[in-house]
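Worksheet: the structure to be examined is printed underneath.
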Protein chains: 2
Amino acid sequence: MDKLRAIKLFVKLANLGSFTKVAEQTNTSKSMISKEIGRLEDDLGARLLHRSTRNLQLTHVGEGYLQRAIEILEKLDDADNFVSDLQHNVRGKLKINAPMALGITDLSVLFADFMHENPDIELDIHLGDESVDLVEQGFDLGLRASSRAIDSNYVGKPLTRFTYKVCASPEYLAKHKAINLPQDLSEHNCFVYSYFQGKDVWPIEDGVAVKGNLKVNSTLFMMDAIKKGLGLGFIPDFVCQKMIDSGEVVEVLAEANKPRLTLYALYPARHFVPTKLVKCIRYLEDWFKENKSL
Amino acid sequence: MDKLRAIKLFVKLANLGSFTKVAEQTNTSKSMISKEIGRLEDDLGARLLHRSTRNLQLTHVGEGYLQRAIEILEKLDDADNFVSDLQHNVRGKLKINAPMALGITDLSVLFADFMHENPDIELDIHLGDESVDLVEQGFDLGLRASSRAIDSNYVGKPLTRFTYKVCASPEYLAKHKAINLPQDLSEHNCFVYSYFQGKDVWPIEDGVAVKGNLKVNSTLFMMDAIKKGLGLGFIPDFVCQKMIDSGEVVEVLAEANKPRLTLYALYPARHFVPTKLVKCIRYLEDWFKENKSL
DNA sequence: ATATACTGTTCTCAATATGGTGACAGTTTG
DNA sequence: CAAACTGTCACCATATTGAGAACAGTATAT
């Protein structure tokens with residue numbers, strides 16, 4: 001028995017004062033109203049209203065119950081509205097996790113624009129490359145680079161593709177042996193990124209073991225070392241491209257086979273995504289479509 | 001969809017943190033819980049909790065909804081308890097309507113005893129012989145004398161049977177013509193009771209037209225006039241019996257056919273009767289069983 | 001007075017919704 | 001690497017449901 005509907009009908013009945021009118025107003029049959037009210041009375045174990053053929057009269061019990069029923073329905077409406085607000089309102093917090101390097105480069109300008117367009121959305125951005133559990137940490141969105149499929153608990157929207165480039169400063173290259181094949185790297189000072197899955201193997205062609213005197217968890221830090229001519233780095237293109245374009249660093253082994261990764265926007269829910277989040281993801285997609293060749 | 005049950009299950013789920021445990025505790029299947037929560041989420045248009053295989057995590061929405069849901073359930077409990085209290089509690093008011101004459105004679109002692117036994121029941125007794133609508137006036141109980149069937153809106157418990165007696169004082173009878181047949185009454189001073197259905201026809205045998213110089217809406221007032229030897233009265237036996245026994249008045253036409261009426265306890269509801277009322281009706285039944293021959 | 005219209009209730013029956021079973025995909029644990 | 005567990009999904013017999021008509025009763029209209 002759907003007690004809630006029964007209560008709603010009871011309140012309506014108390015207002016309209018007629019089973020028939022309630023039936024008309026709700027597009028149902030009299031019999032249904034009668035049954036439903038009867039069921040509610042059964043459930044409560046008390047009569048809510050006296051039916052005399054022409055007049056309905058609330059019982060003592062009915063009067064008290066009516067009052068409480070109205071409050072209950074109000075509370076329910078409240079709860080529904082609360083959800084709806086949180087869902088459809090663009091206001092609200094958005095807790096986002098993103099890779100450090102990406103955050104410092106592209107995302108900083110991207111989200112600056114986004115915040116300008118959506119002043120009511122509050123951003124809470126955690127930059128970091130440690131693998132965190134988005135759900136456990138309560139993140140609404142995570143930006144992840146991946147070459148493989150994504151954890152099945154998440155939906156992943158592909159945003160852009162990127163690759164890595166082996167970078168060095170012109171000065172470094174001039175002072176050291178030429179690099180023509182991936183294997184040549186083993187005799188150079190190759191910086192290692194702390195969180196890199198393969199540790200000290202760069203995924204060029206079949207993988208090249210490298211070694212070097214710098215290990216750091218920031219590709220930007222690494223870039224500065226590269227620019228100073230200290231060594232080579234295996235750097236995402238969104239970090240190094242500008243410096244390559246400006247000539248500060250140069251790419252080596254450009255023709256070698258390197259993994260192409262996809263940047264995903266990850267969000268945990270399947271059915272219902274808050275509009276603020278939808279808006280954010282759309283923005284990400286559009287931004288990368290405009291600014292990058294996917 | 002039974003939203004209420006869904007809400008209950010959601011609250012349980014939030015507490016236990018596992019679909020399976022909820023299923024066990026409610027003696028249902030996991031699938032049912034899953035479905036029901038899913039339905040609630042559909043209805044709300046938002047996801048209430050993130051399911052990762054090992055941990056359930058409330059959504060922002062879920063947290064807010066949980067809080068509200070708990071309040072709603074409390075309110076519902078409140079409402080139910082309110083009804084239950086009013087229903088099962090012996091405390092409370094009892095608004096009773098009864099015929100004036102009966103009230104002054106038997107009921108006064110009866111209810112004195114009843115109140116003594118049930119100090120927590122508050123009585124609100126309206127004595128009067130006008131026909132009142134019990135429901136409209138908000139009476140819990142009405143005592144009615146009737147020879148015919150009762151209004152179908154009410155349940156009527158028969159309490160006792162009674163009849164009427166033609167009474168006169170010995171002095172009156174000594175001074176006037178003898179009364180041997182009903183027709184003889186037409187030559188006597190016969191008092192008329194104001195609310196009597198047949199007005200000035202006494203329902204003896206086939207009915208006897210009478211006339212007299214007193215019309216009053218109280219059989220007790222009438223009794224006093226009779227005792228003084230002013231005339232004859234058609235009096236309920238519960239009013240006149242004692243005086244007949246004591247010899248103050250005597251009955252005439254004792255053998256004539258007079259209507260036997262039944263005193264009913266009338267109460268409006270069919271399904272649910274508050275226990276205080278049940279108790280009162282039981283008391284009435286018992287009292288009349290002991291003190292009168294039905 | 002009598003007829004009519006309208007009240008709420010009850011009955012039956014078809015249609016819908018429901019909840020349990022078992023399989024499933026995916027994880028964590030031993 | 002197997003086993004035990006998570007929540008979800010599809011299937012299907014079952015139960016509940018709600019509409020419609022018949023009903024009993026009462027007030028209004030004629």
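Below, chains carry the letters A, B, ... as their sequence lines are ordered, and counting in each starts from 1.
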- Task: Measure the acute angle between the ring planes of Y164(B) and F234(B), then classify it against the limits of 30° and 60° as parallel, tilted or perpendicular.
- Result: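 If you compare the ring of Y164(B) with that of F234(B), the planes turn out parallel.
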- Task: Quick one: sort the Y65(A) and F10(A) rings into parallel, tilted or perpendicular, breaks at 30° and 60°.
- Result: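 Rings of Y65(A) and F10(A): tilted, as their planes differ by 30° to 60°.
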Kindly point out which of [options] is positioned nearest to the side chain of [X]?
X      : options                  : answer
S31(A) : dG8(C), dC11(C), dT17(D) : dC11(C)
M1(A)  : dG18(D), dT17(D), dT9(C) : dT17(D)
F19(A) : dG18(D), dG7(D), dT9(C)  : dT9(C)

- Message: So, OP1 or OP2 of dT6(D): does either fall under 4.0 Å of a side-chain N or O from R51(B)?
- Response: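 For dT6(D), neither OP1 nor OP2 has a side-chain N or O of R51(B) closer than 4.0 Å.
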- Side-chain N,O (R39(B)) to OP1/OP2 (dT8(D)) below 4.0 Å: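 Checking dT8(D) against R39(B), no side-chain N or O comes under 4.0 Å of OP1 or OP2.
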Please report, rounded to the nearest Å, how far the [atom2] atom of [N] is from the [atom1] atom of [X].
X      : N       : atom1 : atom2 : result
I37(A) : dT10(C) : CD1   : P     : 14 Å
D2(B)  : dG19(C) : CG    : C1'   : 13 Å
E36(A) : dT9(C)  : CD    : C1'   : 15 Å
K30(A) : dA22(D) : NZ    : C1'   : 10 Å
M32(B) : dT18(C) : CE    : P     : 9 Å
L40(B) : dG7(D)  : CG    : P     : 17 Å
N55(A) : dA27(D) : CG    : C1'   : 11 Å

- Message: Is there, by distance only and without an angle test, a donor paired with an acceptor across the side chain of S18(B) and the base of dT6(D) below 3.5 Å?
- Response: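 Absent.
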- Answer yes or no: side-chain N or O of K35(B) and base N or O of dG20(C) forming a donor-acceptor pair under 3.5 Å.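 Checked by distance alone, the answer is yes.
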- Message: Tell me if a side-chain donor or acceptor on T59(B) pairs with a main-chain N or O of L49(B) at a distance below 3.5 Å.
- Response: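 The answer is yes, because a donor-acceptor pair under 3.5 Å joins these two groups.
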- For T20(A), answer base if it contacts any base atom (sugar-phosphate contacts may also be present), sugar-phosphate if it contacts only those atoms, and nothing otherwise; contact means non-hydrogen atoms under 4.0 Å.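 If one applies the 4.0 Å heavy-atom cut-off, T20(A) turns out to touch the sugar-phosphate alone, with no base involved.
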- Taking atom CG of D77(B) as the centre, does the number of heavy atoms from other residues, nucleotides or ligands within less than 6.0 Å exceed 12?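 For D77(B), atom CG is crowded (more than 12 foreign heavy atoms under 6.0 Å).
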- Item | Test log, rule side chain to side chain contact (heavy atoms under 4.5 Å, CB included), inputs N89(B) and T275(B) | CA-CA 7 Å; N89(B) 208 336; T275(B) 42; 6.0 Å; no
- Message: Quick check on DNA chain D: between I33(B) and R5(A), whose nearest nucleotide comes earlier from the 5' end?
- Response: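 Nearest nucleotide further toward 5': that of I33(B).
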